[in-house]
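Notes for the one structure printed next.
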Amino acid sequence: MTTPLKNDRFLRALRREPVDCTPVWLMRQAGRYLPEYRATRAKAGSFLAMAKNPEIACEVTLQPLRRFELDAAILFSDILTVPDAMGLGLYFAEGEGPKFERPVSSAADVARLGVPDMETDLGYVMDAVRVIRRELDGKVPLIGFSGSPWTLACYMVQGGGSKDFAKIKAMALNEPATLHKLLEVTTDAVIAYLAAQRHAGAQALQVFDTWGGVLSPAMYREFSLRYMQRIAAELDRGQGAERTPLILFGKGTGQYVAELAATGTDGVGVDWTISLDQAARAAGGRVALQGNLDPTTLYGSPEAIEREVARTLDSYRDGNGGSREGHIFNLGHGMSPDMNPEHVGVLVDAVHRHSAR
């Protein structure tokens, strides 16, 4: 577990230290756009069978690193492992995405929930972290992750994905105390989950607030931001060189960069609906920034991808007083299954080349 890192530019950028070029990793970099992933999934039988088998989770985590010069690996798992371990019964309906057999709809349902045991109920995740760290052998750092309490609660109350989030917004309006109780226990679980991943060997941690952007500003601050503040304040990340950095990522939450930067997090991830120069000015040098190429750029030609990579890199520098430090290049959200792997190679190479110091 103490193998020195051969490539630490991702962690250095998170600490806003000088790097030889801007590091890059991609949300959903291990996934269905890779033929080797599709072959592994066909063999495993299902997404959950892959996620719950540490050796298969390791194989899928490493697949993109064999193809591309990425600067970090991210654990292959799912944000919904936590509510599944809380007893909600996660399953995947063909063509419909994740669903829960037992969604949360009342105060009595919330009262039955507790924080899962991380080494028994979620031991397969910790085993995957340990196996991946061993197999990475110091090549690049490993990122662990969780969904945000609000985003997890969305799935827990809705019972799956949603277009309008009517059930959870009705709970927020009609039974705010019930929703806060749900968010409290979910936050306790997220903090324990991230701490366990860190203990197992994750070298950075990211919280995905995928649905924070569906809330009004007042509701965002009450039901999402305050629980992310709790995570940043209460999660033990260690000290000094051993400190494990935390990134808070929100989709559609660019207007809250200053507030997210004030939580005590190390990095803030932003989507493509705010420019990086705006985000850098809002962050005020308190945190590293991660992002923020529109994922659909990967449908463009190699020339278009190169152009947009250069524009994104330069926009960060424009808002950060001409400095490229403290930036991790990423997409503004995850990759899609029909994207061309060769275009990912173009993107990764363009980031390193255009940002070389």
Side-chain angles (χ1 to χ4, degrees), residues 9-15 23-31 51 57 61 64 70-82 122 125-126 128-129 132-133 136 140-152 186-187 189-213 224-225 227-238 243-254 256-257 260-261 263-271 279 283 287-293 295 326-335:
R9 60 171 77 108
F10 166 73
L11 296 179
R12 290 177 65 83
L14 264 177
R15 296 193 295 262
V24 54
W25 70 277
L26 306 173
M27 289 184 268
R28 294 202 202 122
Q29 65 188 26
T61 299
L70 294 155
D71 295 298
I74 183 163
L75 166 71
F76 176 75
S77 188
D78 192 88
I79 62 169
L80 300 181
T81 53
V82 171
L122 287 159
V125 176
M126 308 315 147
V129 171
I132 296 162
R133 271 299 303 273
L136 275 171
V140 292
L142 174 63
I143 305 166
F145 70 91
S146 171
S148 72
W150 163 257
T151 291
L152 296 182
T186 306
T187 302
V190 166
I191 291 169
Y193 187 52
L194 291 171
Q197 289 182 49
R198 176 177 179 264
H199 184 69
Q203 291 149 293
L205 299 164
Q206 176 157 313
V207 175
F208 285 87
D209 191 28
T210 311
W211 299 124
S224 182
L225 180 64
Y227 294 101
M228 302 234 277
Q229 287 167 329
R230 257 198 69 198
I231 293 166
E234 296 176 28
L235 176 64
D236 180 8
R237 287 175 264 158
R243 184 176 168 82
T244 304
L246 173 70
I247 303 166
L248 301 179
F249 166 75
K251 189 178 168 205
T253 58
Y256 310 112
V257 168
L260 288 163
T263 60
T265 188
D266 302 280
V268 172
V270 292
D271 74 5
V287 294
L289 285 179
Q290 180 175 276
N292 70 332
L293 189 73
H327 178 217
I328 296 133
F329 196 99
N330 207 316
L331 302 175
H333 198 240
M335 307 211 21

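Residue indices begin at 1 and follow the sequence shown.
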Rounded to the nearest 0.5 Å, what separates atom [atom1] in [X] from atom [atom2] in [Y]?
X	Y	atom1	atom2	result
L142	L136	CG	CG	6.0 Å
F208	I247	CZ	CD1	8.5 Å
I231	S148	CD1	OG	7.0 Å
M228	T187	CE	OG1	10.5 Å
M27	Q206	CE	CD	6.0 Å
L152	S146	CG	OG	5.5 Å

Residues which pass salt bridge (charged side-chain N to carboxylate O under 4.0 Å, His left out) with D71, listed by chain and number, not counting sequence neighbours | R9
Apply salt bridge (charged side-chain N to carboxylate O under 4.0 Å, His left out) to D266 and list each qualifying residue two or more places apart in sequence or on a separate chain.
->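 Testing D266 for salt bridge (charged side-chain N to carboxylate O under 4.0 Å, His left out), a comparison that skips the adjacent residues, returns R237, R243.
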So do [Y] and [X] actually touch side chain to side chain, heavy atoms under 4.5 Å?
X	Y	answer
L75	V125	yes
L246	V207	yes
R230	L235	no
P245	L205	no
F10	I328	yes

With distance as the sole criterion, is a donor-acceptor pair present between the side chains of D209 and T253 under 3.5 Å?
->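 Short answer, no.
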Decide whether T81 and Y193 meet the rule of one side-chain donor and one side-chain acceptor closer than 3.5 Å.
->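 Indeed, the side chains of T81 and Y193 share at least one donor-acceptor pair under 3.5 Å.
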Which pair of heavy atoms, one from [X] and one from [Y], lies closest together, and at what distance?
X	Y	value
G332	P295	N-CD, 4.2 Å
V140	A73	CG2-N, 3.7 Å
L331	G334	CD1-C, 4.4 Å
P23	A13	CG-CB, 3.6 Å
A57	I132	O-CD1, 4.3 Å
P64	T61	CD-O, 3.4 Å

I'd like to know if the side chain of [X] and the backbone of [Y] have a donor-acceptor N/O pair within less than 3.5 Å.
X	Y	answer
Q203	P141	no
T151	G147	no
Q29	L26	yes

[X]: which residues meet the side chain to side chain donor-acceptor pair (under 3.5 Å) condition with it, sequence neighbours left out?
X	value
T210	none
N292	none
T244	R198
N330	none

Given the rule in the side chain to side chain contact (heavy atoms under 4.5 Å, CB included) test, do I143 and W25 qualify, once you have shown the distances and angles that lead to the verdict?
-> CA-CA 10 Å; I143 305 166; W25 70 277; 3.5 Å; yes
Between F249 and H333, what is the ring plane arrangement, given parallel below 30°, perpendicular above 60°, and tilted in between?
->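 Aromatic pair F249/H333 classed parallel.
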Starting from the C-alpha separation in whole Å, work towards a yes-or-no answer on side chain to side chain contact (heavy atoms under 4.5 Å, CB included) for Q290 and F329.
-> CA-CA 6 Å; Q290 180 175 276; F329 196 99; over 6 Å; no
